[in-house]
Amino acid sequence: MIELSMPAGSLENAVNAFNAGADSVYFGLKEFSARKSAENFSISDFRKIRRFAKERNKKIYITINTLIKDSELEDLFNTLKEIGKYGVDGIIVQDLGVMRMMKRYFPSLSIHASTQLAVHTDYGVKMLKEIGAERVVLSRELSLNEIEKIRKANPDIELKVFIHGAMCYGFSGLCMASLEKTGRSANRGECAQICRTWFTYEGKRIFPFSMKDMDAGEEILLLDKMGIDSVKVEGRMKGNEFVYYTARYYRNILDRTKEKDMHPFTFLREHSDGFFKYTGPGHERLITERYTQHEGKDIGAVVSQQGIRLGIETEEEIKDRDGLMILLKGEAHKFPAKVLGRNEILFDGDFQIPYGTRIYKISDSAAMLKKINTDALKEEKESIEASLTISDGRIRIETPLLTKEYEIETEKALKGDNTENIRKIFSQSTGEKVLDIRKIENAHGLYVREKEAKERRRDFLSLLEGLSTEDNLYKKEGTEGKGILLPERSLLEGKNTPWNEDGVTIGGVTYITLPPVTYSERGKYEHLIERVSEINGDVLIGLNNIADVFFAKNHPQYSYFMDVYLYASNRESVALVKDILGESLKGAYLAVDFDSYEEPWPLKPTPLRGYKLPLFISRSCFKHDSLALECKGCTHHHTFHIEQNGKKYMVIVDNCQSLVKEEPSED
């Protein structure tokens with residue numbers, strides 16, 4: 001059955017998720033997490049949930065889904081080393097440099113490619129599999145049909161799909177709104193949620209980028225049927241009740257069980273199933289129309305009012321202290337329920353409520369959870385990979401840190417050997433380390449004295465406890481590579497986009513830059529090959545998605561550079577792409593999040609020097625979703641103008657996809 005993966009902003013969140021039926025949880029540590037504002041996990045918390053999960057046959061994933069500076073690589077290395085001591089079922093990664101570091105130094109750690117990589121095509125999945133990812137978390141903007149095509153084209157890698165929670169207006173990993181407007185980078189875990197703020201259009205204040213929450217409901221069964229390995233609920237910033245009751249909601253759907261659904265009363269905006277049924281023009285609108293925050297469940301309407309006594313029409317049970325809300329002209333009025341009768345309550349406001357006004361239940365007094373004593377949870381011990389070899393009169397124990405051979409009494413087994421008992425004995429520990437027996441050989445089927453085996457285990461573990469592992473340090477590779485100095489990035493732009501598929505010629509070199517989002521790989525790359533064939537002279541191709549790296553790998557006759565959306569964030573990220581492309585990789589723009597880098601790099605990067613990227617690249621159509629204008633007769637190409645706090649922005653709509661950028665200066 002498909003895995004149900006829940007968010008955990010804290011240790012208590014994680015325990016609640018497992019208690020509610022989640023198969024796995026994902027969480028960040030105190031650093032390198034895309035949710036810096038969450039409580040996040042200390043190493044002690046991690047060790048506790050690792051042990052808690054293992055004892056219940058559950059899984060845990062750690063998120064290292066931000067871009068990493070050169071100056072942070074050593075700390076990252078030490079973090080990965082600490083994680084490796086106790087084990088984890090996967091690390092969810094955005095930065096290509098983290099992937100390279102994991103492959104080189106920590107091959108036993110499983111790479112899960114984050115949705116922050118904006119993977120929405122077959123080529124993207126294929127490239128990540130070749131890099132070494134065991135699982136890819138697909139972009140949220142895909143339809144069920146598109147997901148199924150990717151599944152069929154990639155049967156030998158795990159796929160994870162987002163099913164519930166907040167939807168970003170822009171593609172995850174490509175959103176620059178927070179960085180451009182506040183200096184806080186979403187790719188560094190500091191998103192200021194600009195999409196939830198107001199803008200002005202034609203003199204009217206609107207919330208054009210506030211997406212409906214996703215609530216896939218029973219469509220999880222369709223994902224299960226098509227062979228998706230895991231589904232993800234968003235919400236590491238949300239509370240225990242959200243985690244628990246949302247896990248219960250989906251567990252009941254998967255297990256075909258019935259119980260009262262409490263999840264709308266924890267946190268749920270106006271919602272839909274996102275892009276699952278996306279068909280282009282005329283699709284269900286995806287922007288919140290009523291209210292941009294938690295609205296709970298629509299339970300009925302106000303049908304009468306006598307002072308503070310409200311008559312309501314509802315089938316929902318309402319109890320004293322349940323949280324209720326009405327919306328009047330977009331303004332929320334929240335109040336605790338005081339029940340007078342089956343369909344009559346007291347209202348704590350002093351104004352008249354129009355007949356038919358919808359009433360929402362935003363909390364249920366019966367949904368409060370008891371606090372969990374996480375201090376009582378036991379920590380996982382440090383796990384050391386080991387193999388055992390049993391021969392006549394001897395046992396050999398091998399680990400990456402120590403190998404030792406002991407004399408031990410053996411005899412030919414009369415009723416079968418006791419190999420599995422020996423494995424269990426060597427997997428026990430009374431200290432801080434435990435052996436993870438990956439392999440045990442007993443070619444002659446010998447019987448081993450178990451008392452002696454326990455003595456040899458104790459001696460070996462005591463030797464391990466005294467070993468220092470501080471020599472296992474991060475080492476910078478090589479010397480600074482030359483690379484080419486790329487032009488000022490603004491010179492390479494298209495008419496309205498940072499990319500330009502037709503190319504710009506500067507100093508005799510034509511620079512073609514590829515779009516970071518496309519749904520027709522075949523058409524995109526066919527156009528590229530045709531365009532290159534038309535050019536007399538040198539051509540450099542800018543790569544803007546991991547899928548482009550797959551194309552480049554299979555077309556080494558061309559020359560490439562890492563463009564602004566294929567983030568050259570640190571020496572390791574560039575080294576990974578250079579490992580794949582070799583000499584055909586000629587240069588890189590330094591990631592827009594960073595002003596400087598630390599040598600050495602495989603090639604010298606070109607800083608962007610204040611270059612500004614669009615706030616959003618979105619699959620949501622601004623004309624249809626944000627402004628509620630009809631699709632009938634649409635030309636599919638529009639430009640709108642909006643403002644916020646005196647700053648002006650253009651919204652360019654091209655074939656139902658929107659790009660939001662700052663208005664060019666009149667200078």
Could [X] and [Y] be called an ion pair, given the rule that one side-chain N must be under 4.0 Å from one carboxylate O?
| X | Y | result |
| --- | --- | --- |
| Glu295 | Lys212 | no |
| Lys129 | Glu134 | no |
| Arg248 | Asp255 | no |
| Lys238 | Glu234 | yes |
| Asp122 | Lys149 | no |
| Lys297 | Glu316 | yes |

Asp563 and Thr513: CA distance, side-chain angles, deciding distance, side-chain hydrogen bond (donor to acceptor under 3.5 Å, both in side chains) verdict: CA-CA 7 Å; Asp563 202 9; Thr513 47; 4.6 Å; no

Fit a plane to each ring of [X] and [Y], take the angle between them on a 0 to 90° scale, and name the class: parallel (under 30°), tilted (30 to 60°) or perpendicular (over 60°).
| X | Y | value |
| --- | --- | --- |
| His263 | His164 | perpendicular |
| Phe41 | Phe27 | parallel |
| His294 | Phe267 | parallel |

With [X], which residues qualify under salt bridge (Lys or Arg N to Asp or Glu O under 4.0 Å), at least two apart?
| X | value |
| --- | --- |
| Arg256 | none |
| Glu663 | none |
| Lys59 | none |
| Asp593 | none |

Lys232 charged N/C atom sitting above Tyr26 aromatic ring, 6.0 Å / 45°: yes

Beyond-backbone contact of Ile642 with Lys648, side-chain heavy atoms, under 4.5 angstrom: no

Side-chain heavy-atom pair Tyr525, Asp548 within 4.5 angstrom cut-off: yes

From Met214, Glu284, Arg140, residue fulfilling side chain to side chain contact (heavy atoms under 4.5 Å, CB included) relative to Phe276: Met214

Test side-chain contact (heavy atoms from CB on, under 4.5 Å) applied to Arg358 - qualifying residues, sequence neighbours left out: Asp298, Ala301, Tyr360

Minimal non-hydrogen separation, Ser620 against Asp625, with atom names: OG-OD2, 2.9 Å

Donor-acceptor pair, side chain of Tyr245 and main chain of Ala367, under 3.5 angstrom: yes

Under 3.5 Å: donor-acceptor pair, side chain of Asp322, backbone of Ile318: no

Qualifying residue, where the test is side-chain hydrogen bond (donor to acceptor under 3.5 Å, both in side chains) with Ser210 and the options are Thr288, Thr197, Thr292: Thr288

Partners passing side chain to side chain donor-acceptor pair (under 3.5 Å) against Glu146 (at least two apart in sequence or in another chain): Ser143, Arg619

